Each structure stands twice: as structure tokens, then as C-alpha cells.
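Treat the numbers as computed from the prediction; the structure is a model and nothing was measured. Chain letters run A, B, ... following the sequence lines, proteins first, then strands; residues in each count from 1.
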Amino acid sequence: MNGKKVLGMMFANIHEEALDSLTAMRTMGSVPFCSRYRLIDFPLSNMVESGITKIGVITNANFQSLMDHVGTGKPWDLSRKNDGLFILPPFNIGTATMWGNRIDAIYGNKGFLEQSTQNYVVLSDCNNVLSLNYQDLFDAHEASGADITIVGVKAPMPDKIGSILCFDKVDEDGRILEASLDKKDEGEVFRSVNIILMKKYLLDSLVTAAHSKNEISFQRYIIMSNLNTLNIHAYDATESFVGTISSLQAYYDVSMKLLEKENRAKLFSKDAPIYTKERDDMPSLYGPDAKLNNSLVADGCIINGTVENSIIFKGTKVEEDAVVKNSILMQDGYVGRNAKLNCVIADKDVNIKDGVELSGAATFPVTLSKGTRI
Amino acid sequence: MNGKKVLGMMFANIHEEALDSLTAMRTMGSVPFCSRYRLIDFPLSNMVESGITKIGVITNANFQSLMDHVGTGKPWDLSRKNDGLFILPPFNIGTATMWGNRIDAIYGNKGFLEQSTQNYVVLSDCNNVLSLNYQDLFDAHEASGADITIVGVKAPMPDKIGSILCFDKVDEDGRILEASLDKKDEGEVFRSVNIILMKKYLLDSLVTAAHSKNEISFQRYIIMSNLNTLNIHAYDATESFVGTISSLQAYYDVSMKLLEKENRAKLFSKDAPIYTKERDDMPSLYGPDAKLNNSLVADGCIINGTVENSIIFKGTKVEEDAVVKNSILMQDGYVGRNAKLNCVIADKDVNIKDGVELSGAATFPVTLSKGTRI
Amino acid sequence: MAHKTNVVAMLLAGGQGSRLGVLTKKIAKPAVPYGGNYRIIDFPLSNCVNSGIYTVGVLTQYQPLELNDYLGNGQPWDLDRLNGGVHVLSPYEAIGGAEWYKGTANAIYQNINFIEKYDPEYVVILSGDHIYKMNYAKMIDFHKENNAACTIAVLEVPWEEASRFGILATDENDKIYEFAEKPAQPKSNKASMGVYVFSWDKLKEYLTLDENTEGSANDFGKNIIPTMLDAGERMFAFPFKGYWKDVGTIASLWEANLDIINPNVDLDLSDQSWKIYSRNPMSPPHYIGAEAKVENSSISEGCEIDGDVDYSVIFSDVTIEEDADVKYSVIMPGATIKKGAKVYYSIVAENAVIDEGAQIGEIPELLDDPENWGIAVIGSDAKIGKGKSVKPGEMIASGEEV
Amino acid sequence: MAHKTNVVAMLLAGGQGSRLGVLTKKIAKPAVPYGGNYRIIDFPLSNCVNSGIYTVGVLTQYQPLELNDYLGNGQPWDLDRLNGGVHVLSPYEAIGGAEWYKGTANAIYQNINFIEKYDPEYVVILSGDHIYKMNYAKMIDFHKENNAACTIAVLEVPWEEASRFGILATDENDKIYEFAEKPAQPKSNKASMGVYVFSWDKLKEYLTLDENTEGSANDFGKNIIPTMLDAGERMFAFPFKGYWKDVGTIASLWEANLDIINPNVDLDLSDQSWKIYSRNPMSPPHYIGAEAKVENSSISEGCEIDGDVDYSVIFSDVTIEEDADVKYSVIMPGATIKKGAKVYYSIVAENAVIDEGAQIGEIPELLDDPENWGIAVIGSDAKIGKGKSVKPGEMIASGEEV
């Protein structure tokens with residue numbers, strides 16, 4: 001795609017209340033995921049690989065971890081003289097430290113939109129782990145003649161999160177005829193992942209109108225109420241791996257799905273690498289008594305114990321005779337000798353002392369917040 | 001200087017209330033100065049040229065213009081994987097959008113100090129236009145064995161700004177024996193320009209102690225009250241060009257001083273270039289009726305009229321038969337045919353229509369705020 | 001990935017550019033200063049970036065040091081990229097020995113590996129000695145629409161000058177049916193601008209064929225283009241309108257410089273939507289003194305002007321002292337024109353010093369024998385002593401003291 | 001400025017490195033993969049950056065393409081600098097013709113202009129085939145304190161091996177009074193590590209002298225150092241302690257790789273205060289399957305391991321399928337070891353494929369004739385067919401199919 005055409009706008013904070021302690025000190029976008037990434041890496045890398053050259057990241061007051069991660073934008077080649085990466089905290093509206101809602105946030109960044117030379121905008125949340133070719137999305141949007149194209153997947157409803165838009169009736173061309181919010185359905189639905197493409201002027205006029213009426217729901221007042229007047233299409237991304245991080249349980253489940261080869265193959269394609277901020281760790285070292293199976297491990301680990309069905313982040317050390325099962329250990333953790341962990345999510349820098357045993361259930365993983373020492 | 005030794009900390013906001021409309025929408029550090037710079041460019045470039053590799057910029061809620069200007073830090077070669085430039089807004093303390101005072105601001109950034117590998121810190125404000133070799137400052141600090149070294153100049157007291165520290169008695173080694181705040185003196189005094197070098201642990205302990213006692217004046221409680229217990233030295237920078245921007249009048253006067261060759265020679269040395277964000281303007285074009293004298297002009301201007309004793313920023317257009325005297329026209333201004341300006345400070349994007357006449361006095365320049373159309 | 005790097009530009013920075021004499025003795029031609037704030041290479045490089053092409057190979061085997069230094073990490077052109085960016089490509093040694101570039105086509109041939117790394121669909125071939133602003137993206141679109149193997153940008157030149165150019169004869173669909181290098185009897189006035197778009201698979205095929213052809217000069221104009229035409233490949237002429245100037249000679253370089261201050265010339269350097277990027281000298285604003293007189297001229301940053309300047313292009317960091325007089329001249333970065341010196345119809349190269357009262361060149365009207373007139377050229381770092389003079393058309397070598 | 005760039009490092013990336021056989025057929029030696037996440041050049045480059053040296057020239061005339069590509073704009077080493085940074089320097093053409101680098105000293109001589117641009121006080125000369133972590137800043141301090149013309153880093157080697165090295169005899173102040181290349185009767189066990197600090201004015205003087213000396217090999221060890229010693233220049237030996245390994249042969253490269261998983265070796269790659277930087281392949285975490293067995297080994301990102309790995313170094317993006325067995329081997333990026341294949345005491349280069357049931361190398365204890373044992377080497381992109389075997393010590397060329 002000619003990067004001069006489409007502007008990316010990322011919502012780094014949306015839904016972060018769903019992740020409890022994982023988002024206590026960070027935005028949704030900077031939640032660690034899959035041994036070496038942060039959630040924002042997926043949409044950011046996909047956008048860059050699709051040729052998008054200017055991306056604004058809308059965030060709230062807790063943006064320090066996000067700034068630490070995306071920094072100058074260099075890992076995504078977004079440290080540019082023209083265009084590049086822009087962090088958009090709510091700094092210009094008096095004492096506000098939070099954008100009120102999505103409409104507010106876009107309205108508050110009208111200046112950013114106006115100063116951009118691109119004619120199209122693609123909006124994206126950070127809580128859906130998927131691999132998307134935005135060029136294909138753009139081509140489909142152009143080919144269909146749609147005013148708005150929304151990416152959706154056919155999957156069960158996620159737990160907990162509110163305001164999920166379902167496409168209840170879609171015609172053969174892909175136009176959404178009927179939609180609903182927060183459907184009660186146990187089975188598979190066709191639901192939005194909140195990646196939305198439209199012309200910049202259209203977004204501007206819809207948001208300006210909604211803002212002047214004090215509307216607060218983007219889904220309801222910008223999408224649903226315009227289904228008749230605008231040509232709004234659904235783009236089906238079901239063939240990609242899609243994981244919606246709507247709760248801690250969903251975080252755990254989506255993570256564990258990546259132990260399956262076919263899911264990794266979908267999410268990590270050679271053609272569309274996922275970039276992240278590098279730490280320059282050494283390769284991981286496995287000692288004489290290491291026993292690993294069905295696990296993902298990043299660089300910089302020293303594994304001397306047993307690790308099964310687990311996801312191990314950078315710089316983790318597992319000592320002799322320690323046993324880690326069905327767990328997620330974020331970066332720079334330490335598991336002492338004879339410690340036993342089962343169904344645990346440990347945030348960064350967690351230190352499990354020798355002999356400590358902790359066990360949750362796959363349907364109720366135990367969560368340890370950053371820096372916990374047990 | 002081994003850049004690994006000294007950390008730079010810049011106060012981008014200090015004293016900005018003094019500049020009225022010039023700082024209405026921007027920090028002190030991002031006030032345009034001398035045809036093509038912003039005030040922060042001077043300490044930033046000097047630090048970089050002296051080999052300092054990590055610089056934190058402390059700012060308040062209005063930091064967008066500063067972020068636009070310093071961006072990724074590339075123009076100063078501070079877009080780095082290790083170290084580099086860090087903007088430090090007050091984002092981690094609940095709803096605060098302002099650092100209360102200098103002690104608060106340093107205290108609030110203790111984490112930044114701790115994470116830095118440097119052993120020394122140099123603090124610097126942005127409202128003193130001067131050229132300083134921080135390596136020489138460091139060498140003098142080391143040679144004297146001082147605990148704290150404060151850069152000072154022998155010059156009259158600036159108008160308006162409060163809390164100016166004067167070194168009233170300095171021994172032959174440079175140690176400050178007596179100091180006072182806000183001296184009433186018409187003549188030349190030896191006064192601080194608020195560039196202060198000390199070991200990191202010393203700053204940390206002084207600020208932590210002051211903070212715990214709820215002290216608010218860095219000058220009074222960290223410097224003055226420690227004159228007997230610590231070895232505090234003055235470093236005389238009088239031989240550099242020094243302009244303290246303490247008011248709009250001072251802004252005008254300091255700017256005009258740079259029309260003198262010897263002042264430019266001091267401030268802009270070939271060995272220590274002043275870096276700034278570049279706009280890639282064309283060279284300035286002078287038409288057949290252009291009449292220029294005793295003026296400074298940046299790139300990107302089109303001058304067809306008369307310009308005398310003035311400072312013209314990038315992208316300014318002066319039409320035929322317009323007359324601009326004793327004025328400062330910031331970037332992208334327009335002066336129409338037959339317009340006459342005398343002793344005017346026009347902020348960015350000011351548009352003076354054909355035939356308009358405006359005249360201030362050298363002791364009372366007329367100020368036009370950003371985007372004014374007359 | 002495909003979408004990001006499907007075009008690679010290769011810039012032929014060329015040989016010694018000997019027609020520019022002393023100006024290219026120490027630097028490659030594309031690094032020659034131009035237009036106050038620029039060097040020649042800024043134009044094709046900025047065109048690339050503005051056209052969305054972020055991978056550029058610069059081919060040179062002659063004095064690459066200053067060019068390398070000037071391009072650096074590519075940041076001034078926004079070409080400091082993790083993938084792609086700007087790379088200076090000098091010849092190198094492989095097993096079986098090394099070769100210098102034999103011709104323009106051979107230079108590309110030797111860098112096939114570089115191009116293949118980016119797996120491009122299209123390759124744009126540019127030369128490093130033309131001043132123009134052109135959207136290559138539009139030319140590539142034209143190339144795609146025509147399903148062409150090769151597209152050549154053409155400019156309509158006055159018929160009487162056509163025999164000085166490579167001339168393309170085209171049908172009503174802009175399809176090329178004949179190419180003639182400097183034809184005595186031109187069939188068209190469409191001159192090749194030396195800007196080519198190739199489908200990479202086709203170019204690779206013909207480069208390989210050419211390399212294996214005994215006696216070939218390995219040149220685009222002489223060999224590749226005619227061979228492709230003979231083979232019946234689809235080749236199209238992309239019509240360009242606007243300012244375009246070859247700056248391969250002293251006279252044309254001088255003229256092209258003065259064009260930036262000529263209001264009648266269609267070269268707008270202030271256009272914000274098509275900026276020409278360059279490496280900035282990081283100099284303070286220029287100062288125009290109380291006694292100076294500056295008219296019809298361009299002045300760049302870092303200059304201190306106390307003398308008279310008329311119809312001239314003054315590059316950055318130039319000093320012109322009191323009572324000096326500069327007319328119809330091009331004064332390159334860092335040069336000094338001392339008190340009372342006169343510089344007329346001249347090019348004064350970087351850091352040259354014209355001492356007090358010296359005179360360089362002459363106003364043609366004042367010559368006894370206007371036939372002998374020409375642009376005087378002072379090489380970089382040369383020094384013209386007090387009261388000395390340099391005749392019109394004379395060239396003073398770099399570093400020479402007169 | 002002086003303080004920022006007063007040191008320039010020049011890295012001799014060298015010639016073809018023919019002792020590394022098929023591994024350097026297509027790439028320069030410094031670009032050879034090492035230690036799971038690295039290439040050889042990452043060590044001297046990271047040492048430079050960690051020592052505060054941000055201007056590095058990499059001298060090569062042999063296959064610079066992959067090296068250029070690997071170094072890119074220098075960002076992985078934090079060397080994407082506005083001034084300085086990392087530059088690959090190939091020979092170029094000046095007026096009067098061009099020359100390939102004749103020797104190590106001549107390579108620096110030909111790049112005097114590059115060095116002068118930064119106006120350094122000191123120049124550090126490094127070579128591209130050693131693995132070690134060293135603070136050059138301390139060596140430069142030592143050089144300054146001694147007011148030396150040249151300082152050479154030395155390592156104490158076992159006396160019985162001393163005759164394989166360049167040996168420096170020093171007085172009690174570490175002042176060198178004799179240098180002997182591979183002496184039969186070594187006077188000391190201080191071996192030159194090929195790391196030199198020169199005061200630039202001195203080095204320039206001796207480079208120029210050497211260039212004008214008929215019959216000189218233009219080599220640092222053979223010419224520059226002895227000439228300086230003879231002339232009575234102050235030359236000092238800087239003692240180094242720690243891991244240092246020349247990886248100039250297949251056996252030493254193999255051994256140095258296995259050193260990273262040897263707990264008894266003093267090479268700590270996890271030290272956060274002296275990181276070794278490298279260009280990251282941007283691969284997902286590695287996956288170790290349910291049936292895999294991994295012990296005493298290092299695994300890098302992007303691998304999918306379903307077989308057995310023991311005492312081996314597995315680089316990024318390697319696939320080891322079920323029932324494959326890899327022991328005492330070095331498997332470089334992107335290689336595939338298919339089902340049931342066995343790889344013992346081998347180096348398998350980038351993207352090579354070992355098909356099902358094939359066997360590469362052998363465990364020495366199992367050989368009938370252990371005298372004939374050696375490391376087997378599979379070149380990059382080579383393919384070893386189903387059930388085929390490659391003998392110990394055998395080398396399969398890049399791209400070959402067996």
C-alpha cells in the first residue's frame with residue numbers, strides 16, 4: 001500500500017480494566033505476550049509491514065511503560081523525519097488525564113488527523129492478537145466501494161468485555177445489514193475486532209457530529225445508527241489466528257493456544273515479521289538436567305529444571321529440580337530449586353524462592369504481580 | 001567527556017510565566033529564538049557536543065510543542081538504543097499535570113536518576129542563552145574537588161524573574177562563601193545561571209531530604225543552607241555570550257544583541273554547532289527591490305521589501321515596499337505591501353495585511369501572538 | 001514486505017565528470033554543490049523519497065569518500081531505514097577476482113545481488129547529474145498500465161536541439177519504435193532524460209545477455225535499450241513536463257544555479273509538498289550588514305554579507321566583506337570574498353579565498369573581445385592573492401595559490 | 001567535538017578467510033555466524049560501543065555485500081550516528097587509477113582520508129576474527145599514561161604454544177623491546193592479540209613511510225610494528241586477561257562455539273554491563289516439542305525443536321524434527337535437520353537441509369580410525385539427501401546437493 005494513503009490510529013488503552021494487575025502500571029498495548037512481545041507489537045508490525053508510515057497511538061495517563069517500549073519507534077522503522085510514530089496522551093485538555101471514550105479521544109486528536117497528509121484512517125485496538133495484512137484490507141475496501149470496512153472474525157463471544165459489535169446479517173457483497181451489541185450467544189458469532197477503515201474526512205465528520213451531541217458510544221452511534229445511510233462492510237479475518245484478550249482467563253487461554261504449531265504458523269508468518277524492542281539477550285542455555293517439553297522460550301533464559309506446557313519470557317532462570325507446568329513466566333523471573341509452579345501467571349521480575357509450591361487451575365490461573373517475591 | 005559519566009537534566013518549563021503569550025501554548029524550552037532555533041537547542045547542543053549521551057527533559061503538561069521540536073532526538077543524535085533523550089512529564093503522580101517545583105520534579109524522577117548508569121548529574125534551565133563547554137565545567141569541578149559546581153556570570157540582575165542566586169563572596173579557589181537571593185543591585189553581580197553539576201548520589205540525598213521536609217526552594221535549601229557544610233564552587237562563564245530571558249523585554253534585548261558580530265561569534269562557534277530540528281527550506285531569495293541591513297535571516301524567506309535591524313525566522317515573506325524595522329518576525333510570517341512594522345515581536349504564522357502600520361518602542365515592543373491576522 | 005520494497009532505485013553516480021574540470025577533481029559529480037542549499041544528488045534522492053521509494057543504491061567507483069560522507073546514514077533524506085535506505089555501492093572482490101565497473105549497464109550487473117535482496121518488481125535507473133523534480137510513482141503507474149518491459153522518461157526539446165539528445169520515436173500510444181542517440185535527422189523531439197523504469201525480470205535478463213555479449217560497451221543507451229527494442233519488448237515513453245537540466249558542463253552548471261533566482265524559470269524550491277532534502281550545515285542565520293546591498297540573489301545560512309551581491313547564488317557559510325562586488329556568480333560553501341574583491345560570471349568552489357582587491361572573471365560587455373568570454377572557475381580551497389586577477393573562462397585548480 | 005570523536009576504530013575484516021573453507025565462500029569472515037545469536041564482527045563492534053567508540057571503519061574488499069547488509073545503518077549496535085557510526089570501506093578509484101588493498105597497513109593507508117575526517121587523536125586497529133570482550137577505553141588510558149606511540153594488547157599464552165603467536169618481549173614497565181612473529185625460541189609468553197592503539201600522528205607517519213618503502217608487504221605485523229620498534233618509538237604491551245579466541249580455522253570456530261555452553265569457560269554472554277549486540281532475526285520464541293530432549297545446549301529464537309539436542313549450539317530459525325539427533329554440533333540460522341537425521345561433531349551452515357535419515361559426521365569414539373576424524377562442514381544452502389552420509393572432516397560446498 002502506498003503508505004502515504006492510510007494513517008494508523010491505535011487505541012493503546014481500550015479495555016485495560018479487564019486485565020486487573022497486568023494493567024495496573026501499564027497500558028493494554030504494553031502487556032507482555034508470548035515470551036517476547038507486547039500486545040501493541042502485533043497491530044504495529046502488521047501496519048508497518050503493510051506500508052503504513054504514520055501511526056498515532058492514543059493513550060491515557062499511564063503511558064510511561066508504552067513510551068519505554070515503543071520509544072523512538074526505531075524497531076518498527078517508525079523513527080522518521082516525515083511521518084513515523086506519535087504518542088498521543090490527553091495533554092492538551094486542561095487537567096484531564098484520561099480520554100473519556102473513543103469518540104472523545106478521536107475528537108481530541110482532530111489536529112493530528114488534520115495535519116496528516118493521508119486520506120484514509122485505520123483505527124485499531126490492541127487487545128486482539130491477530131495477524132492482518134492491512135493492504136489486503138485496503139484493497140477489499142476499495143473494491144467493495146464501502147464507506148467503512150470493519151474487520152471481524154467468526155468466533156465465540158469473548159468473556160467479560162462489553163460493547164462487542166456483532167454482524168448479525170451480512171449480504172453476499174459483505175455489507176452489514178444488521179448488527180447488535182453484546183449478543184448472548186454460546187456459539188460462534190461474526191464479531192468485530194475493532195479494526196475500522198474509512199476515509200479521513202468521513203471519520204472526522206462522524207466524530208464531530210457525535211461529539212457535538214455528546215454521544216459516547218462509537219459502536220452504537222457511529223456504526224450501528226449508520227448502517228442504513230452508509231455502506232458499511234465486514235472484512236472476514238477468521239483465517240488468521242485471532243485471540244481476543246478480554247480477561248485474565250482469556251489472556252491465559254490465548255497464550256496457551258500458541259503452543260500449537262498451526263496457531264504459531266498463522267500468527268508468525270515469515271512474510272510479516274512481528275517487530276518488538278530488542279534487549280540483545282544471549283541465546284537461552286539449557287543445563288545438563290533441563291527437561292523441557294511443549295513450551296515456548298525466548299532468548300536470555302537459563303533453564304536447569306523442568307518446564308512443561310509453559311511460556312517463558314526473556315531472562316528467566318529456572319533452577320535445578322524446579323518444576324514449571326502450565327504457566328506463563330514473564331521476563332526476568334526466577335524459579336528456585338525444588339520450587340513447583342502449576343497454572344501460574346507471573347508478571348515481570350517475580351522471584352519464587354527455593355521449594356515454594358504454587359498451583360492454580362487451568363480455569364483459574366494464579367496471578368503474581370510485578371516484582372512479587374515469594 | 002566520557003558521556004557515560006554525566007547525566008543531563010533539563011528543566012524545560014522553569015520561569016515560563018515570564019514570557020506571557022510566547023509561552024501560552026509552549027514550554028520555555030520551545031520558545032523560538034534567533035531566526036532558526038528554540039531555546040532548548042542551546043543547552044541541548046552544548047551537552048551533546050560535550051559528549052553527554054543521556055538527557056532527561058523535565059516538563060509540565062504543555063509539552064506537545066516540545067515533543068514536536070525535539071521529537072526522537074535525531075537532530076542532536078540522541079535517538080539512541082542506549083541512553084538518548086527522555087521527555088519527563090509528570091505522568092506518574094495521580095492527577096498532577098504540573099511539577100510543583102524543582103525539588104518535586106527531581107524527586108518525582110528519582111527512578112530516572114536511579115536507572116541511569118552515570119555517576120554525575122548536570123541540571124540546566126532553558127532560559128539562559130549561552131554557549132558552555134560542559135567538559136570544561138566537568139574538568140573544573142574535578143580539579144577543584146568541589147561537591148557542587150554552579151555556573152555563574154558577571155552581569156546585571158535580570159528583570160522580573162525571582163529566585164536569582166547571587167554569589168556574594170567567592171574565595172580565590174572559586175568556593176562560594178556567601179550567597180543571597182534576589183539582590184537589589186543596579187550594577188554587575190556574579191549570579192547563577194542555574195547550571196549545576198554534582199554527583200548523582202549527592203543530588204539524590206539532598207533532594208530526598210528537602211522533599212521529606214516539604215521544602216520548596218532548591219536555591220535556598222539545597223544551595224544556600226549548605227554553603228558551610230558542602231564545598232560549593234562557582235564556575236565563571238562570563239566569557240561566553242550570556243543572555244537571560246527573564247521577560248518579553250529581555251527576550252527582545254537578548255535577540256537584538258545577536259546583531260552584533262562579536263556576540264554571534266561567541267554564541268555560534270564552529271567547534272560547537274547548535275543543532276536544531278531542520279525544515280529543509282530553500283535558501284532565502286532577495287528580489288530586485290530588496291533592501292536589507294543589519295539583520296539576521298534564516299532559510300526559506302522571500303524578501304522583496306526593506307528590512308532593517310531585524311531578526312527574520314524561516315519561511316517569512318516580506319512584500320515589495322513593506323518596511324520592517326527593529327522587529328522580530330517568527331517563522332512563516334507574512335508582511336504585505338506597504339505594511340510598516342517597527343519594534344514588533346510577531347509570533348509564528350502572523351499575517352500583516354497590505355498597508356498595515358504597527359509601531360512599538362525598543363523599550364516596549366508590540367507583541368503579536370501566534371496566528372494573528374491584522 | 002512486498003508492498004514496501006517493490007521498487008529499488010539505482011542511481012548512476014557516474015565517473016569522473018571531467019567536463020566539470022576542477023570542480024570534480026576531488027569529489028564525485030553528484031556531490032557537487034548546487035542551488036545554494038543542495039548538492040546535485042539531492043534532487044534524484046528527494047524525488048525517490050517523495051515518490052515513496054526508500055531503497056536507493058548509489059553506484060560509484062570514483063572518489064566515493066565525500067559522497068559517502070555526505071549521504072552518511074541517509075537521515076537528511078529520511079533514508080535511515082532498517083530495511084532499504086541509501087547505500088553507496090563500490091566495486092568489490094569476489095572469488096575469481098574483482099572488476100571495476102565497465103559501463104552503466106555493467107555497474108548494475110555487478111550489483112544484481114544487491115537488488116535481488118529486496119526482491120523488487122521494478123527497478124528505476126537514474127543518473128546523478130540532472131536537476132529536476134519528478135514523481136517516479138506516476139511513471140511506475142504508467143509503466144504498469146502499459147504492461148511495459150521498460151519505460152523511458154522523455155522531455156520535448158526544441159527541434160533544433162534534438163540532435164544533441166537520445167531521441168525516441170513513438171506511436172500515438174507513446175510506444176517506442178525507435179531509439180537514436182544524437183541523430184542527425186531526428187524523427188521526434190522527445191529526448192530521453194536518462195530516467196528508466198524496468199520490470200526487474202526483464203532488466204536482469206538483458207543485463208545478463210549484455211554481459212555475455214562480446215564487444216558490448218555495457219551501456220544502457222548504447223546497448224541495453226537498442227537490444228530490447230530489437231527484441232520487440234514493450235517499451236514506452238513517459239512524457240515529462242517541467243524544469244529539467246543536465247549540469248554536466250561548467251556553463252550548464254552555472255546557468256542551472258542562476259535558474260533558482262530567475263522568476264521566469266519553472267523550478268519552485270519552496271513547494272512544501274515536494275521538498276528537496278539536503279544535509280544541513282547547522283549554521284546560524286545569515287547576517288546582512290549595514291553597508292551590504294543584496295538584490296536578485298539567494299543567500300544561505302551561515303553567511304556574513306557586508307558587500308554587494310547581485311544576480312548571484314551564495315551558498316552557506318560564505319563571507320563577503322565590505323566593498324566586495326559579486327555579480328552573476330555562484331559562490332559555494334565556505335568561500336571568502338575579501339574587501340574590495342570583484343567576482344563576475346564565476347563559480348567559486350568550496351572554501352576558496354579571494355583576497356582583497358582581486359578580480360575573478362569579467363562582465364562580458366566590458367570585454368574587448370567578447371568571443372573569449374567564459375565562466376571563470378576557482379577550485380575548492382584555492383587562494384587568489386591580493387590584487388591578482390583570473391581571466392574569464394580560466395580555471396584555477398583546487399588548493400592552488402595564485 | 002574533540003571529546004566525542006577523538007578515537008576512530010578501524011576493523012580489518014580481512015580477505016577471504018580461506019581456512020574457513022565453504023563457510024566463507026560467499027561471505028566475509030567477520031559475517032560468519034557465531035555463538036547462537038551473533039556473528040564474529042558483533043564482538044569487536046560491541047566492544048567499541050561499550051568502550052565509547054562510535055566511529056568504526058570496516059575494511060573489506062571481499063564479498064562486502066552480506067557484511068554491508070548485516071551492518072546496515074548500524075542501528076543494532078547503536079551506531080546509527082549523525083556523525084561517525086559504522087562504515088564499510090571498500091577500495092575506490094581516484095584520479096590516477098585504483099588499487100586493491102595490498103596488505104593490512106595499505107588498507108588503512110588507502111583510508112587515511114576517512115580517518116582524517118574525524119580528526120582523531122587515537123586510532124584503534126582491530127581484526128575481525130577474534131572472540132573476546134575487552135574495554136578499549138582502558139587500553140587507551142594505558143596508552144595515554146605511557147605517552148606511547150603504539151600499544152599492543154597481549155595475552156599470556158602457555159609457553160609451549162608461544163611459538164605459534166606474535167610474541168612481544170617487554171621490560172618491567174610493559175615497554176616492548178622486541179617483537180618476534182612465531183619465534184622458535186620465544187623470549188616471552190605475551191602474545192599479540194591483533195589489537196593496536198596508535199597515536200594517529202605516529203601511525204600516519206609510519207603508514208606513509210611504509211607505503212613508500214619498496215618491497216614492503218604493507219602489513220602491520222611484518223612491517224609497521226618492527227619499523228616503529230627499530231626507530232625507537234615508545235611501544236607498550238597492554239595485558240589482557242579473559243577469554244580470547246582466534247576463530248580462523250574450522251576447528252577453532254567449532255570449539256569457540258561450544259565454549260558458550262561450557263560452564264568452565266570464562267565467556268559470560270549474559271553480562272548486562274557489557275552486552276554483545278547483534279542484528280536480531282525478529283523471530284518468535286523457540287518451541288521445544290513434547291518429545292524433544294534438549295540438554296547442555298543453547299537454543300536461539302525461532303527454532304522448532306522436536307528431536308534430541310545435546311552439547312550443541314543451535315542458531316535462530318533452525319528446525320530439528322522428531323527422532324533427529326544432534327550432538328557436539330553447531331547448527332547455523334535457518335538450517336533444517338529432518339526426521340531421524342544424525343548430526344555429530346559438525347558445523348551445518350545457514351539454510352542447509354539435512355534430509356531424513358542422513359548422517360553428518362561421527363562421534364570420534366565410534367570411528368575405526370580416530371586419526372581420520374575431523375569436523376564435518378555443510379555449506380550454506382547445501383542439501384544432503386535422504387539417508388546420505390557425510391564423513392568426519394568432509395566439507396560440502398554451499399548450495400551443493402549430495
Side-chain angles (χ1 to χ4, degrees), chain B residues 33-37 41 45 49 72 74-77 79 258-261 263-265 267-270 272-304 307-317 332, chain C residues 34-38 42 46 49 72-73 75-78 80 257 260-263 267-272 274-306 309-318 334:
Chain B
F33 185 76
C34 195
S35 293
R36 60 193 302 278
Y37 301 100
D41 292 339
S45 301
E49 278 304 305
T72 60
K74 271 192 195 176
W76 301 269
D77 212 7
S79 173
L258 289 167
L259 292 176
E260 290 162 38
K261 194 186 193 102
N263 288 334
R264 287 200 303 281
L267 189 60
F268 302 108
S269 125
K270 273 281 161 206
I274 306 300
Y275 301 101
T276 190
K277 184 180 175 186
E278 292 301 337
R279 312 203 321 181
D280 296 290
D281 284 285
M282 64 172 184
S284 282
L285 299 180
Y286 293 91
D289 300 320
K291 285 193 191 60
L292 272 275
N293 74 62
N294 193 37
S295 294
L296 286 167
V297 187
D299 273 350
C301 298
I302 298 177
I303 310 287
N304 292 316
V307 176
E308 273 182 34
N309 309 324
S310 293
I311 294 178
I312 310 296
F313 285 63
K314 296 179 181 213
T316 299
K317 186 162 191 190
D332 301 318
Chain C
Y34 167 80
N37 279 2
Y38 312 99
D42 290 331
S46 300
V49 172
N73 70 356
Q75 190 271 338
W77 304 270
D78 214 7
D80 50 336
N257 267 287
I260 78 158
I261 50 175
N262 184 341
L267 176 65
D268 178 9
L269 296 174
S270 69
D271 178 3
Q272 295 296 305
W274 203 268
K275 279 192 175 183
I276 305 300
Y277 301 102
S278 66
R279 185 172 290 276
N280 192 287
M282 300 292 171
S283 297
H286 64 261
Y287 174 76
I288 304 212
E291 305 302 322
K293 204 173 148 201
V294 177
E295 292 171 3
N296 308 298
S297 293
S298 89
I299 315 271
S300 295
E301 289 177 340
C303 292
E304 296 270 334
I305 311 288
D306 289 299
V309 177
D310 200 4
Y311 288 105
S312 293
V313 174
I314 313 298
F315 287 65
S316 60
D317 300 313
V318 166

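- Rounded to the nearest 0.5 angstrom, B/K277 NZ and C/N280 CG are separated by 13.5 Å.
- The distance from atom CZ of B/R264 to atom OH of C/Y287, rounded to the nearest 0.5 Å, is 5.5 Å.
- Interatomic distance, CD of C/E291 versus CG of B/N294, reported as 10.0 Å (0.5 Å rounding).
- At a 4.5 Å heavy-atom cutoff, the contact between C/N37 and chain B is made by backbone and side-chain atoms alike.
- No side-chain donor-acceptor contact under 3.5 Å links C/E301 to the backbone of B/A298.
- Of the possible polar contacts, one joining the B/R36 side chain to the C/S283 backbone as a donor-acceptor pair under 3.5 Å is found.
- Residues B/Y37 and C/P285 form a side-chain contact, since some pair of their non-hydrogen atoms from C-beta on lies under 4.5 Å apart.
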- request: For the pair B/I312 and C/H286, evaluate side-chain contact (heavy atoms from CB on, under 4.5 Å) and give the outcome as yes or no after the intermediate values.
  value: CA-CA 10 Å; B/I312 310 296; C/H286 64 261; over 6 Å; no

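- Here C/D78 contributes atom CG and B/D280 contributes atom CG; the two are 9.5 Å apart, rounded to the nearest 0.5 Å.
- Looking at C/E295 and B/K291, no side-chain N of the basic residue comes within less than 4.0 Å of a carboxylate O on the acidic one, giving no salt bridge.
- Contacts of C/I276 with chain B are made by backbone atoms alone, with heavy-atom separations under 4.5 Å and no side-chain atom involved.
- Note: B/S295 leads B/A290, B/S295, B/G315, B/S45 in heavy-atom pairs under 4.5 Å with chain C.
- Using a 4.5 Å cut-off between heavy atoms, B/C301 makes no contact with chain C at all.
- Considering only heavy-atom pairs separated by less than 4.5 Å from chain C, the leading option among B/I303, B/L285, B/V297 is B/V297.
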query: Where do C/K275 and B/D281 land on the salt bridge (Lys or Arg N to Asp or Glu O under 4.0 Å) test, with the steps shown first?
result: CA-CA 8 Å; C/K275 279 192 175 183; B/D281 284 285; 6.0 Å; no

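- Interatomic distance, C/I288 CD1 to B/S310 OG, rounded to the nearest 0.5 Å: 12.0 Å.
- Contact tally against chain C (heavy-atom pairs below 4.5 Å) for B/L267, B/D289, B/L292: the top residue is B/L292.
- For the options B/R279, B/K314, B/E308, heavy-atom pairs under 4.5 Å to chain C are most numerous at B/R279.
- With a 4.5 angstrom heavy-atom cutoff, C/D310 does not touch chain B via any of its atoms.
- In terms of non-hydrogen atom pairs under 4.5 Å with chain B, the most contact-rich of C/P263, C/S300, C/C303 is C/S300.
- For B/F313, there are no ring pair (Phe, Tyr, Trp, His ring centres under 6.0 Å) partners at least two apart in sequence or on another chain.
- Annotation: side chain of C/D306 is in contact with side chain of B/K261 (closest heavy-atom distance under 4.5 Å).
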message: Could you walk me through whether B/Y286 and C/I261 satisfy the side-chain contact (heavy atoms from CB on, under 4.5 Å) test, starting with their C-alpha distance in whole Å, then the side-chain angles of each, then the deciding distance to 0.1 Å, before giving a yes or no?
response: CA-CA 8 Å; B/Y286 293 91; C/I261 50 175; over 6 Å; no

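- The residue among B/I274, B/D299, B/T276 with the most heavy atom pairs within less than 4.5 Å of chain C is B/D299.
- Using a 4.5 Å cut-off between heavy atoms, C/Y38 contacts chain B through its side chain alone, with no backbone atom that close.
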